[in-house]
Amino acid sequence: MSDSALSSPRVRFAPSPTGYLHVGGARTALFNWLFARHLGGTFILRIEDTDFERSSEEMVQGILDGMSWLGLSWDEGPFFQSQRLSLYRRMAEQLVASGHAYYCFCTKEELEQRRAQAAAVGRPPMYDRRCRQLVPAESQMRRAAGEASAIRFRVPDGGSTSWDDAVFGRVEFANAEIEDFVLLRSDGVPTYHLSVVADDLDMRLTHIIRGADHISNTPKQILQYRALGAPLPVFAHVPLILGPDKTRLSKRHGATSVMAYKEMGIVPEAFRNFLALLGWSPGPAHKDREIFSSEDLIQMFALDGISKSNAVFDNDKLAWFNTEYIRAYDSAKLLPLIETEWRAAGFQATRSPQEILAAIDLLKPRARSLKDFAGPFRAYFGDCFEFDPAAVAKFLADPALPALLCELGTRYAAVPEFTESGAEEILRAFAAEKGIKAGALINGSRVALTGQAVAPSLFAVMVTLGRDRVVQRLATVAHPQSSG
RNA sequence: GGCGCCAUGGUGUAAUUGGUUAACACGCCGCCCUCUCAAGGCGGAGAGUUCGGGUUCGAUCCCCGAUGGCGCUACCA
């Protein structure tokens, strides 16, 4: 690695648009981004869409959306491999010309058949290298005759290929274990093995930070670097993210695309913070802290903090990060996120901006998700809300209560000033006068005012709602059907 | 099957790189607070570091083996 690699590294995130941005990919992107930002390097986005069958534009958009939701900005790209095919073909031909690759005329069907045979006999299902023997003249003739051919890499017969992984240390593979892999398919489309190194080289990448599922592909790529006489980048393989059952995270574990978490009401910074700490740690100096802003993360991030073992995705921990972030957010910063939820839920806030901000401040300490603001917290932002049947059953079951609440409302209507402490005094005096427990009145009022059994301190709620609304809602409990 | 990688409470991570009763967070349980639910405060359970051998005065840490998990094993990426 050259000095310039350290002073201004170039890294990339290279997803293939065969699915949405999933959490594993998002974390790989995050680590690349943090690494680049930490060192003042360049973060490149490259879309690996050489599998035309499975790639789609919709998925490309989904990946871009996921990236921007997480705040992962890229400096170059997005580049599309589908638009760079000539580069790969040129490199494949160069490899043929230098004797590092050869034309293979075996058809897909033949290969499959031989693989099946090998498996039946218990032999390793590697390509038998039969086209390696072909003399150039014959290859040339068959190609001229229009016979389809792929280009395969000529893997050295003996020895081994190794590298010093920034995460895993020295990793070594015997060349005998590596088959003569296909570089260029017979239709002229490159395989992953070719296009990654062609692009990583062309884009002058200094560090390849990617999932550990690529470890066994790495020697195939290193062999190409060597054949080309090109310097090796630093490889850093990141452990995988597992589901609760410790198998690789997949759809059957539930949400797997990052946008699904957005839709669950997760705040992007919470998700980013959570993701950063999955398989990476800032080290003992920061071991007692877990809430890190992106600036913190950028400042602390280093490859040597990446763990070697796979990590289990823990929804509870993510939920905790989410509550922490929602609570810490300024209500003004929270508002646009909440407005998005309202729009999605078809809810219209009918109160003034100041009232809305005050209500957010009151509610955010007990929000688990942004969704709460468009669901159970509706009553604070408008008059269109529903009564939770369980809450009604729990605190409004006493048939005498509605009339009492209505009367309490008239007391409130009569006082000159409506304050938190004043409202409490009135309620408690009223309870004493009627010979009932204040708690019954308080709990009943809460349901009457918010539709919920759970809410912040009742008198704070009252002040936030404003006297008129309080009086009106206490009165309407007597007629629950006109609650809307 | 072959090859590669990994292994600290249920989960995520620490442990001055061989040196105390293995720490922190999430989750769980209990108590306090209290008008509900969170939050907060206090306390608790939960690992002797997958197992078995070594090396060493001493191993979470080094070595060997076993086991388990994961990854790769395509003209997918």
Side-chain angles (χ1 to χ4, degrees), chain A residues 14-18 48-51 53-55 81 104 106-108 111-112 115 119 122-127 148-152 165 167-169 171-174 176-179 181-187 189-193 195-196 211-219 237 239-240 242 244 246-248 274 277-291 305 307-321 323 327 365-368 376 391 394-395 424 427-428 437-447 450 452-459:
Chain A
S16 79
T18 55
E48 308 215 324
D49 55 350
T50 54
D51 184 347
E53 310 279 291
R54 297 194 302 149
S55 299
Q81 291 193 322
C104 171
C106 303
T107 66
K108 203 170 177 175
L111 293 169
E112 263 162 36
R115 244 196 309 277
R123 261 182 314 147
M126 289 212 291
Y127 176 60
S149 64
I151 293 179
R152 282 184 186 272
D165 196 277
V167 174
F168 288 95
V171 184
E172 182 168 6
F173 286 83
E177 299 293 337
I178 305 169
E179 77 172 343
F181 53 96
V182 171
L183 293 167
L184 197 69
R185 297 185 265 220
S186 50
D187 60 2
V189 177
T191 63
Y192 163 76
H193 301 300
S195 56
V196 253
D213 48 343
H214 285 295
I215 286 181
S216 25
N217 291 326
T218 305
H237 288 95
L240 301 177
L242 274 23
K246 307 215 177 191
T247 64
R248 208 227 265 252
F274 168 70
L277 262 20
L278 259 193
W280 174 78
S281 134
H286 305 278
K287 78 177 183 82
D288 289 348
R289 242 185 92 202
E290 289 196 309
I291 300 292
S307 145
K308 286 199 269 246
S309 49
N310 296 341
V312 173
F313 189 96
D314 182 6
N315 275 301
D316 285 337
K317 187 97 185 209
L318 171 59
W320 175 78
F321 274 109
T323 62
R327 183 178 319 158
R366 60 197 70 215
R368 294 288 285 176
K394 188 173 178 192
F395 292 129
E424 177 159 10
L427 182 141
R428 290 193 186 278
K437 284 205 276 192
L441 235 33
I442 288 171
N443 289 331
S445 298
R446 178 179 302 105
V447 179
T450 69
Q452 300 291 316
V454 170
S457 171
L458 178 68
F459 304 104

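These numbers come from the heavy atoms of this one structure, side chains and all, not from hydrogens, waters or symmetry mates. Within every chain, numbering begins at 1; the chains are lettered A, B, ... in the order of the sequence lines, protein sequences first and strands thereafter.
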Exercise. Can you tell me the distance, in whole Å, between the CZ atom of A:Phe168 and the P atom of B:C3?
Key: 19 Å
Quiz item: ring-ring contact (aromatic ring centres under 6.0 Å, His included) between A:Tyr127 and A:Phe181: does it pass, once the steps are laid out?
Solution: CA-CA 8 Å; A:Tyr127 176 60; A:Phe181 53 96; over 10 Å; no
Quiz item: Mind checking the C1' distance from B:G52 to B:U67? Whole angstroms is fine.
Solution: 10 Å
Quiz item: Taking only side-chain nitrogens and oxygens of A:Arg428, does any of them come within less than 4.0 Å of OP1 or OP2 of B:C35?
Solution: yes
Quiz item: Is any side-chain N or O of A:Lys308 under 3.5 Å from a base N or O of B:A7, one able to act as donor and the other as acceptor?
Solution: no
Quiz item: Expressed in whole Å, how much space separates the P atoms belonging to B:G44 and B:U34?
Solution: 24 Å
Quiz prompt | C1' spacing across the pair B:C70 / B:U50, given as an integer number of angstrom | solution = 15 Å
Exercise. State, to 0.1 Å, how close A:Glu179 and A:Pro125 come at their nearest heavy-atom pair, and which atoms those are.
Key: OE1-O, 4.4 Å
Quiz item: Between A:Val171 and A:Gly279, who's closer to the 5' end of RNA chain B by nearest nucleotide?
Solution: A:Val171
Quiz item: With sugar-phosphate meaning primed atoms plus P, OP1 and OP2, does A:Ala311 contact a base, only sugar-phosphate, or nothing at under 4.0 Å between heavy atoms?
Solution: sugar-phosphate
Quiz prompt | Atom-to-atom span, CG of A:Leu427 to P of B:U36 - whole angstrom | solution = 13 Å
Quiz item: Out of B:A39, B:G27, B:U36, which nucleotide sits closest to the side chain of A:Arg327?
Solution: B:A39
Quiz item: B:G46 pairs with which nucleotide, Watson-Crick or G-U wobble, both distances below 3.5 Å?
Solution: none
Self-check item: A:Arg248 CZ - B:A77 P separation (whole Å)
Solution: 15 Å
Quiz item: Got a donor-acceptor pair under 3.5 Å from the side chain of A:Ser216 to the base of B:C3?
Solution: no
Self-check item: Proximity to the side chain of A:Lys317 - top-ranked nucleotide from B:U36, B:C26, B:C3
Solution: B:C26
Quiz item: Using a cut-off of 4.0 Å on non-hydrogen atoms, how would the nucleic acid contact of A:Pro15 be classed: base, sugar-phosphate, or nothing?
Solution: nothing
Exercise. Would you mind classifying the nucleic acid contact of A:Thr247 as base, sugar-phosphate or nothing, using non-hydrogen atoms under 4.0 angstrom?
Key: sugar-phosphate
Quiz prompt | Atom pair distance, as rounded to whole Å: CG in A:Leu240 and P in B:C72 | solution = 8 Å
Quiz item: If each of A:Glu48 and A:Arg446 is mapped to the nucleotide of RNA chain B with the nearest heavy atom, which maps nearer the 5' terminus, i.e. the 5' end?
Solution: A:Arg446
Quiz item: Can you name the nearest heavy-atom pair linking A:Ser16 to A:Glu48, along with the distance?
Solution: CB-O, 3.1 Å
Quiz prompt | Closest nucleotide among B:A77, B:C3, B:A38 to the A:His214 side chain | solution = B:A77
Exercise. Return the nearest nucleotide to the side chain of A:Lys394; candidates are B:C70, B:U36, B:C26.
Key: B:U36
Quiz item: Out of B:C26, B:U13, B:C37, which has the shortest distance to the side chain of A:Arg366?
Solution: B:C37
Exercise. Determine the Euclidean distance between corresponding C1' atoms of B:G12 and B:C72; express it in Å to zero decimal places.
Key: 26 Å
Quiz item: Taking the side chain of A:Asp51 as heavy atoms from C-beta outward, which of B:A77, B:U13, B:C35 is closest to it?
Solution: B:A77
Self-check item: Watson-Crick or G-U counterpart of B:G4, or none if no pair lies under 3.5 Å
Solution: B:C70
Quiz item: How is A:Glu172 classified with respect to the nucleic acid when contacts are heavy atoms under 4.0 Å: base, sugar-phosphate, or nothing?
Solution: sugar-phosphate
Exercise. Choose from B:G27, B:G4, B:A14 the nucleotide whose nearest atom is closest to any side-chain atom of A:Ile215.
Key: B:G4
Practice problem: Answer with base, sugar-phosphate or nothing: what part of the nucleic acid does A:Pro376 contact at a heavy-atom distance below 4.0 Å? | Solution: nothing
Practice problem: In whole angstrom, give the distance that lies between atom CZ of A:Phe313 and atom C1' of B:U13. | Solution: 16 Å
Quiz item: Counting any heavy atom closer than 4.0 Å, what does A:Pro124 reach on the DNA or RNA strands: base, sugar-phosphate only, or nothing?
Solution: nothing
Quiz item: Between A:Lys108 and A:Glu112, is there a side-chain N and carboxylate O pair less than 4.0 Å apart?
Solution: no
Exercise. Scan A:Leu277 against the nucleic acid and name what it touches under 4.0 Å (heavy atoms): base, sugar-phosphate only, or nothing.
Key: sugar-phosphate
Quiz item: Where do A:Ser445 and A:Leu427 come nearest, in terms of heavy atoms and distance?
Solution: OG-CD1, 4.2 Å
Self-check item: Whole-angstrom distance between B:U60 and B:A22, as gauged at atom P
Solution: 10 Å
Quiz item: Rounding to a whole Å, what distance do you find between A:Phe173:CZ and B:G71:P?
Solution: 15 Å
Quiz item: Which value, in whole Å, describes the distance between the P atoms of nucleotides B:A74 and B:G18?
Solution: 41 Å
Exercise. Find the partner of B:G27: check Watson-Crick (N1-N3 plus N6-O4 or O6-N4) and G-U wobble (N1-O2, O6-N3) distances, both under 3.5 Å, and reply none if neither fits.
Key: none
Quiz item: Taking only side-chain nitrogens and oxygens of A:Arg289, does any of them come within less than 4.0 Å of OP1 or OP2 of B:G12?
Solution: no
Practice problem: Might you point out which heavy atoms bring A:Ala367 and A:Thr323 nearest each other, and give the distance in Å? | Solution: O-CG2, 3.5 Å
Practice problem: Please state the P separation for the pair B:G10 and B:C51 - nearest whole angstrom. | Solution: 12 Å
Self-check item: Gap between atoms CG and P, on A:Leu278 and B:U13 respectively (whole Å)
Solution: 6 Å
Quiz item: Is there a side-chain polar atom (N or O) of A:Thr50 under 4.0 Å from OP1 or OP2 of B:A77?
Solution: yes
Quiz item: At under 4.0 Å, does any side-chain N or O of A:Lys246 touch on OP1 or OP2 of B:U11?
Solution: yes
Quiz item: Does a side chain donor of either A:Thr218 or A:His237 reach within less than 3.5 Å of an acceptor in the other side chain?
Solution: yes
Quiz item: When we call it a touch if two heavy atoms are under 4.0 Å apart, what does A:Phe459 touch: a base, just sugar-phosphate, or nothing?
Solution: base
Exercise. Could you tell me whether A:Glu179 contacts a base, only the sugar-phosphate backbone, or nothing, with contacts defined as non-hydrogen atoms closer than 4.0 Å?
Key: sugar-phosphate
Quiz prompt | Minimum heavy-atom distance A:Val447-A:Ala453, with the two atoms named | solution = CG2-CA, 4.4 Å
Self-check item: Distance below 4.0 Å between A:Ser281 side-chain N/O and B:A14 OP1 or OP2
Solution: yes
Practice problem: Measure from the side-chain heavy atoms of A:Arg152 and tell me the nearest of B:G10, B:C75, B:G40. | Solution: B:C75
Exercise. Sticking with atom C1', work out how far B:C5 lies from B:A38, rounded to a whole angstrom.
Key: 43 Å
Quiz item: Rounded to whole angstroms, how far apart are CD on A:Glu290 and C1' on B:G27?
Solution: 12 Å
Quiz item: Under 6.0 Å from the CD atom of A:Glu53, do we count more than 12 heavy atoms belonging to anything else shown?
Solution: no
Quiz prompt | Proximity to the side chain of A:Ser309 - top-ranked nucleotide from B:G12, B:C6, B:A77 | solution = B:C6
Self-check item: Closest listed nucleotide, where the reference is the side chain of A:Val312 and the choices are B:C75, B:G12, B:U36
Solution: B:G12
Practice problem: Search all heavy atoms of A:Asp51 against all heavy atoms of A:Arg54 and return the closest pair with its distance. | Solution: OD2-NE, 2.8 Å
Practice problem: Examine the base of B:C75 for any acceptor or donor lying under 3.5 Å from a partner atom in the side chain of A:Thr191, and report the outcome as yes or no. | Solution: no
Quiz item: Which one is paired to B:C57, where only Watson-Crick or G-U wobble pairs with both distances under 3.5 angstrom count?
Solution: B:G19
Self-check item: Any N/O donor-acceptor pair, A:Asn217 side-chain to B:A77 base, under 3.5 Å
Solution: yes
